[in-house]
Amino acid sequence: MRRLLVLGAFLGLALAGPCRERPYTLETEDGLLGGQEMSYDGEVLVFEGQACLEREGLYLEAPAIRYLEEEGSFQAEGLKGEAEGWQVEARELVGKELKGVRLARGRLKAEVSRLRLEKPLKGEGIFLESPAYRVKAAEGSFTREEARLKGFLATPCPCGEDVRLGMEEATFLVATGEVKGEATLGLWGLEIPLGETRANANRRPDLRSPLVLSSSEAGGWTLGLRDFPLPRPGEELGRWERRFTLLATGLGTPQEALRLGLREGGRGAEVRFGYAPGVQAYWDDLFLAASPNPPDADTPRLEARYTPTLRLGNLTLRPFLRYAETSRSQGATVGLEGGYRETLREGPFSLTLSPSFLLALYPFTPYSPYLALGGGLEGAFREGDLALRAAYAGRLEPLSPTPPFTFENRDEFQRLTLEGRYGPFGLRYTLDNPLGQRLDRLEGEVQDLSLGTFRLGYVRGSLEEIRLGYAMPLPERTCCQAFWLAPEVGLNRGGLTRLGLTLRYYDGCFTYEVRWQNVLKGQYAEALGQSLSFSLALR
């Protein structure tokens with residue numbers, strides 16, 4: 001026994017790491033054991049005072065570690081350290097197994113009921129929390145680069161598992177948060193096979209209901225599916241590129257139509273039947289469309305357009321080559337649209353400049369060139385609870401206010417915005433089109449974490465309005481069920497001008513929203529009437 005201790009001490013001095021600095025060390029088949037003090041109790045060696053166990057990829061520390069020589073096993077409580085890049089806390093070490101383990105690495109946190117000190121580390125009863133998912137696994141093995149999990153089940157829901165991603169075996173890349181494996185997607189009680197699927201534990205999946213049910217102020221209902229996903233093997237959950245659309249629009253009006261479309265990334269096609277029939281197709285920067293019966297004089301009967309986008313630092317250029325035929329114009333267009341954005345910062349101050357332009361020429365036609373010049377200037381100050389912002393944006397058409405085609409038309413406008421906020425109090429003034437249909441808006445708001453947000457606004461345009469609004473505090477994600485509403489009302493001396501209500505219901509996984517608005521008296525050409533929409537999205 002004494003020779004073993006001497007050999008262990010000699011080997012401990014030769015090894016690098018915290019344990020080599022302890023006065024007493026012992027080399028075991030599971031790593032280097034050390035401590036400030038050592039005692040011998042029968043067949044048990046007791047290391048105390050910063051007792052540690054170390055090997056490649058593993059370092060554990062405890063007030064005391066007991067080592068049973070004959071069995072080659074350990075006993076310890078209240079352990080801390082690092083394992084394969086994870087910060088570790090464990091309730092106890094029994095034999096060669098950690099129990100009640102908590103792991104942390106970056107934004108990832110995990111709990112493991114049992115973690116065996118094997119190479120690689122193997123655990124059972126795994127529960128992982130990440131910024132986007134809650135993950136359960138029956139068992140798994142851990143290395144510094146990845147974790148291989150069996151019986152994998154992940155859900156983005158804060159409560160429950162109405163949406164869940166299941167894999168018999170999954171590979172989790174710790175550095176990137178990527179998960180890969182043969183998966184099924186669970187929606188309520190349905191199980192949808194996806195084949196080879198990827199997910200990212202650090203990025204919430206964009207899962208929205210493709211069902212559309214809404215009405216507009218112009219009348220008529222829209223019903224159907226928009227961007228219904230058609231997953232392909234290897235794609236990331238919620239980032240499916242292939243989408244299907246089947247929409248009935250204008251129901252109950254003379255403008256009833258059926259839209260049928262399919263897209264995959266930047267490529268796709270759509271056919272429209274009924275009102276304003278036609279077909280269109282796009283392939284990245286190329287667009288083609290035809291309509292035998294356009295709904296108005298500006299919609300092309302035939303159109304071909306090529307619009308690539310070039311980015312050079314803060315400069316974006318969008319040249320376009322287009323041929324179109326409408327009932328009032330036809331011919332080719334050669335144009336260039338560009339914009340530049342630069343932000344300068346100095347302490348709490350920032351200044352943003354964003355000029356833009358569009359130039360269109362019409363070769364072999366009698367149409368005059370069209371030019372639009374615009375841009376914006378914004379200054380801001382932010383320090384502590386105080387935030388100030390002043391912004392101006394506008395556009396000028398120096399050659400002609402009416403180009404032959406609406407595609408390149410950029411209407412003139414001017415807008416001035418002044419905004420200030422201090423803590424929960426905010427005040428904002430906006431002036432639109434001071435030389436035309438002038439519209440002034442002055443709005444103040446007060447936010448309270450427990451009561452919600454109260455808004456009071458004054459609007460003056462073609463009529464004067466007082467607008468009152470309120471929004472409840474948003475529920476915490478830990479709240480599994482909650483209602484939220486935001487009513488709005490507008491009025492003037494003649495009575496009500498508008499009414500609106502947004503109502504949401506939050507369950508353990510989804511947000512169900514109903515939005516209704518009724519414009520009784522509008523500003524200038526604002527559409528009058530009621531609108532209603534429903535939506536469903538992941539919390």
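Heads up: numbering here begins at 1 and tracks the sequence. Only heavy atoms go into these numbers, but all of them, side chains included; no hydrogens, no water, no symmetry mates.
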May I ask you to check if the distance between the SG atoms of Cys509 and Cys159 is under 2.5 Å? no
Side-chain contact, heavy-atom cut-off 4.5 Å: Asn202 with Leu108? yes
With the side chain counted from C-beta on, respond yes when Ser214 and Phe534 share a heavy-atom pair under 4.5 Å apart, and no when they do not. no
Worked verdict on Tyr133 versus Asn200 for side-chain hydrogen bond (donor to acceptor under 3.5 Å, both in side chains): CA-CA 9 Å; Tyr133 290 92; Asn200 194 299; over 6 Å; no
Would Thr352 and Thr343 count as a side-chain hydrogen bond (donor to acceptor under 3.5 Å, both in side chains) here? Give the steps. CA-CA 4 Å; Thr352 301; Thr343 299; 3.1 Å; yes
Quick one, Glu443 and Arg455 - any side-chain contact, counting heavy atoms below 4.5 Å? yes
Heavy-atom side-chain proximity of Leu251 to Leu223 below 4.5 angstrom: yes
Glu337 (side chain) donor-acceptor with Leu359 (main chain) under 3.5 angstrom: no
Do the side chain of Asn433 and the main chain of Leu435 share a donor and acceptor less than 3.5 angstrom apart? no
Under 3.5 Å donor-acceptor, Thr253 side chain and Gly250 backbone: yes
Check for a donor-acceptor pair, side chain of Tyr524 on one end and backbone N or O of Arg438 on the other, with a separation under 3.5 Å. yes
Donor-acceptor check, side chain of Ser350 to backbone of Leu344, threshold 3.5 angstrom: yes or no? no
Cation-pi check, Arg243 onto Phe228 ring (under 6.0 Å, within 45° of axis): no
Are the side chains of Arg318 and Thr307 in contact, using a 4.5 Å heavy-atom criterion? yes
Minimum side-chain heavy-atom gap Pro294-Thr326 below 4.5 Å: no
Tell me whether Thr478 contacts the main-chain N or O of Glu476 through its side chain, where contact means a donor paired with an acceptor under 3.5 Å. no
Checking side-chain hydrogen bond (donor to acceptor under 3.5 Å, both in side chains) against Asp432, which of Gln523, Arg441, Gln414 comes through? Arg441
Filter on side-chain hydrogen bond (donor to acceptor under 3.5 Å, both in side chains), then keep only pairs touching residues 393-404, sequence neighbours left out; what's left? Tyr370-Glu397
